[in-house]
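Worksheet for the structure shown next.
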Amino acid sequence: MSDRIDQLREDFRRESGEVTGEQEATALRDRWVGRKSGLLTAEMKTLGRLSPEDRRLTGQLLNHLKEEIEQELELLESRFAAARELAQLASEQIDVTLPGRHLPAGHLHPITLLRQRIEDIFVSMGYHIEDGPEIETDFYNFDALNIPAIHPARSRQDTFYITGKLALRSQTSTVQIHSMQRRQPPLRVIAPGRVFRRDTPDATHNPMFYQVEGLLVERGITLGDLKGTIEEFVRRMFGPQTRTRFRPSYFPFVEPGAEIDYSCFKCGGTGCRVCKGSGWIEMGGSGMVHPNVLRGVGIDPDEYTGFAFGLGLDRLCALMYGLDDIRLLYENDIRFLEQFR
Ligand code: FA5
């Protein structure tokens with residue numbers, strides 16, 4: 001009988017040596033130790049026909065062989081399972097060094113980016129950000145700003161009127177009045193916002209554009225403070241080498257008034273395409289707040305003085321980003337806007 005068992009052992013070893021995959025290992029298990037038709041199971045069933053002595057001995061040998069076969073099968077199966085897992089891991093491997101896919105995401109408009117830069121500079125100098133209505137009464141648009149009844153700015157050719165006394169604001173200077181009514185001096189505010197003028201659109205004009213107003217009212221403020229503040233602003237905005245110049249100008253709500261220019265950020269003042277050869281770029285208007293304006297909001301001009309300035313954002317934005325037409329800013333062409341991420 002032990003010959004028979006040796007033969008079985010040898011057969012199993014040969015067959016297990018030929019197994020090349022997980023399925024074949026399962027088939028081998030069924031063939032040898034399957035509950036119904038396994039070769040060893042069938043062999044066990046023959047024990048009943050032996051004498052008690054032979055049954056005990058052969059039973060022991062068969063059980064021993066069965067244990068050996070079970071161990072061998074487990075080893076085979078675990079080897080193939082490990083190989084399968086490795087193959088799966090390899091197929092699912094991710095190369096984390098590959099560049100990611102860009103999902104379409106929104107971003108800020110170039111005018112907003114510029115506005116935030118300007119806000120940051122003035123906030124760091126102690127200014128509050130103020131807001132004001134876009135639709136104003138004649139009082140805020142003109143009277144409180146010392147604009148005389150016969151001034152051309154009041155004409156229907158320059159201003160978008162809604163009714164006889166209500167119009168879209170044509171400058172953020174209206175917020176000066178709201179700020180002085182809301183707060184007591186000393187005050188420092190900047191007011192960014194949209195303004196509207198009946199200008200014919202061209203490369204440097206839009207009927208709607210953005211301005212940033214600045215206003216400071218305290219005791220003992222002079223033109224020197226205005227110049228120092230603007231100089232500090234342009235240096236932080238365009239670099240420490242940037243120079244500023246003031247040209248006398250007239251705005252009804254300031255006295256004296258001045259146009260502000262700064263040395264070209266592109267060529268540094270030698271003259272180039274950006275500054276049209278002059279070396280200077282116009283920034284906006286400014287001046288010392290007119291005593292009539294202070295009086296109109298109940299501030300004593302003998303006690304307090306102040307300065308104000310107003311900058312146009314659209315032309316500045318066009319110069320900084322190299323645009324040759326400010327109308328591009330509001331066409332909402334996604335191919336254009338996508339460049340400002
Ligand atoms: C004013 O609007 C004054 N409120 C500025 C001011 C404030 C002076 C405080 C004194 C004290 P002005 O009309 O020059 O000034 O306009 C200021 C800026 O707005 C201009 O320098 C220009 O950059 C911009 N701007 C004017 N019209 C247009 C337009 N149609 N399209 C785009 N930008 C414009």
Side-chain angles (χ1 to χ4, degrees), residues 110-111 114-115 118 122 127 130 132 136 140-142 144-147 151-155 157-160 168-180 188-217 221 223 225-227 229-230 233-234 237 244-262 274-276 280-294 305-320 323-330:
I111 289 278
L114 182 58
R115 196 200 74 211
I118 296 173
F122 281 107
Y127 285 68
E130 283 268 2
E136 292 282 20
Y140 288 99
N141 271 331
F142 308 116
L145 288 172
N146 197 36
I147 298 175
H151 195 277
R154 293 206 183 209
S155 96
Q157 271 105 51
D158 289 327
T159 306
F160 287 108
L168 295 176
R169 67 180 178 193
S170 62
Q171 50 187 352
T172 44
S173 300
T174 51
V175 191
Q176 288 185 32
I177 310 303
H178 289 289
S179 305
M180 289 188 281
R188 296 175 188 204
V189 296
I190 53 157
R194 285 193 299 184
V195 299
F196 308 85
R197 291 184 193 177
R198 298 185 67 168
D199 284 341
T200 308
D202 64 23
T204 54
H205 292 83
N206 256 329
M208 183 209 84
F209 57 99
Y210 280 83
Q211 288 189 337
V212 175
E213 194 77 7
L215 171 73
L216 182 146
V217 182
I221 295 302
L223 200 60
D225 296 306
L226 168 63
K227 289 186 75 175
T229 304
I230 296 296
F233 165 69
V234 296
M237 188 79 190
T244 318
R245 79 176 180 191
F246 288 74
R247 284 178 289 116
S249 184
Y250 173 72
F251 299 94
F253 36 93
V254 287
E255 181 56 36
E259 291 277 355
I260 312 165
D261 299 335
Y262 59 95
V274 169
C275 58
K276 299 204 182 85
W280 295 96
I281 296 176
E282 269 185 37
M283 192 161 88
S286 68
M288 301 303 290
V289 182
H290 198 291
N292 288 350
V293 174
L294 293 174
T305 47
F307 63 71
F309 55 85
L311 323 173
L313 288 199
D314 301 54
R315 291 181 196 168
L316 181 57
C317 190
L319 290 171
M320 289 180 74
L323 316 174
D324 48 18
D325 194 323
I326 63 167
R327 285 172 294 188
L328 288 167
L329 292 168
Y330 304 115

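Positions are given from 1, in the same order as the sequence printed here. Start at 1 and go down the list; that is how both ligands and their atoms are numbered. Every value quoted in this text rests on a predicted model; they were computed, and no experiment measured them.
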Residue and atom name of the nearest protein heavy atom (relative to atom 7 (C) of ligand 1), distance in Å to one decimal: Gly310 N, 3.2 Å

Among Phe251, Phe309, Phe307, closest by any non-hydrogen atom to atom 14 (O) of ligand 1: Phe251

Nearest protein heavy atom with distance in Å, relative to atom 31 (N) of ligand 1: Asn206 N, 3.0 Å

Under-4.0 Å heavy-atom contact with ligand 1, by part of Phe253 that carries it: side chain

Atoms of ligand 1 close to Gly284 [distance to a heavy atom under 4.0 angstrom, numbered from 1]: 21 (O)

Residue portion contacting ligand 1 (non-hydrogen atoms closer than 4.0 Å) for Ile326: side chain

From Gln211, Arg194, Arg115, residue fulfilling side chain to side chain contact (heavy atoms under 4.5 Å, CB included) relative to Leu313: Arg115

Side chains of His151 and Phe142 in contact at under 4.5 Å (non-hydrogen atoms): no

Closest approach of any protein heavy atom to atom 2 (O) of ligand 1, naming residue and atom: Arg197 NH2, 2.8 Å

Minimum-distance protein heavy atom relative to atom 9 (C) of ligand 1: Glu213 OE2, 3.3 Å

Distance from atom 23 (O) of ligand 1 to nearest protein heavy atom, with residue and atom: Gly312 CA, 3.5 Å

Proximal atoms of ligand 1 relative to Gln171 (non-hydrogen, under 4.0 Å): 1 (C), 2 (O), 3 (C), 4 (N)

Sub-4.0 Å atoms of ligand 1 with respect to non-hydrogen atoms of Gln176: 9 (C)

Pair Phe309 + Phe122: ring centers closer than 6.0 Å: yes

Sub-4.5 Å side-chain heavy-atom contact between Leu316 and Tyr262: yes

Under 4.0 Å to a heavy atom of Thr204 - the qualifying atoms of ligand 1, by number: 31 (N), 32 (C)

Name of the residue among Ile177, Val175, Thr174, Thr159 meeting side chain to side chain contact (heavy atoms under 4.5 Å, CB included) with Glu136: Thr174

Region of Glu282 that comes within reach of ligand 1 [heavy atoms, distance under 4.0 Å]: neither

Donor-acceptor side-chain pairing of Gln176 and Glu213 below 3.5 angstrom: yes

Atom 8 (C) of ligand 1: nearest protein contact (heavy atom, Å): Gly285 C, 3.3 Å

Nearest non-hydrogen protein atom, atom 34 (C) of ligand 1: Phe209 CE1, 3.3 Å

Which residue and heavy atom of the protein sit nearest atom 17 (C) of ligand 1, plus the separation: Gln211 NE2, 3.4 Å

For Asp199, atoms of ligand 1 separated by under 4.0 Å from a heavy atom: 27 (N), 29 (C), 30 (N)

Within reach of ligand 1, part of Ser170 (heavy-atom separation under 4.0 Å): neither

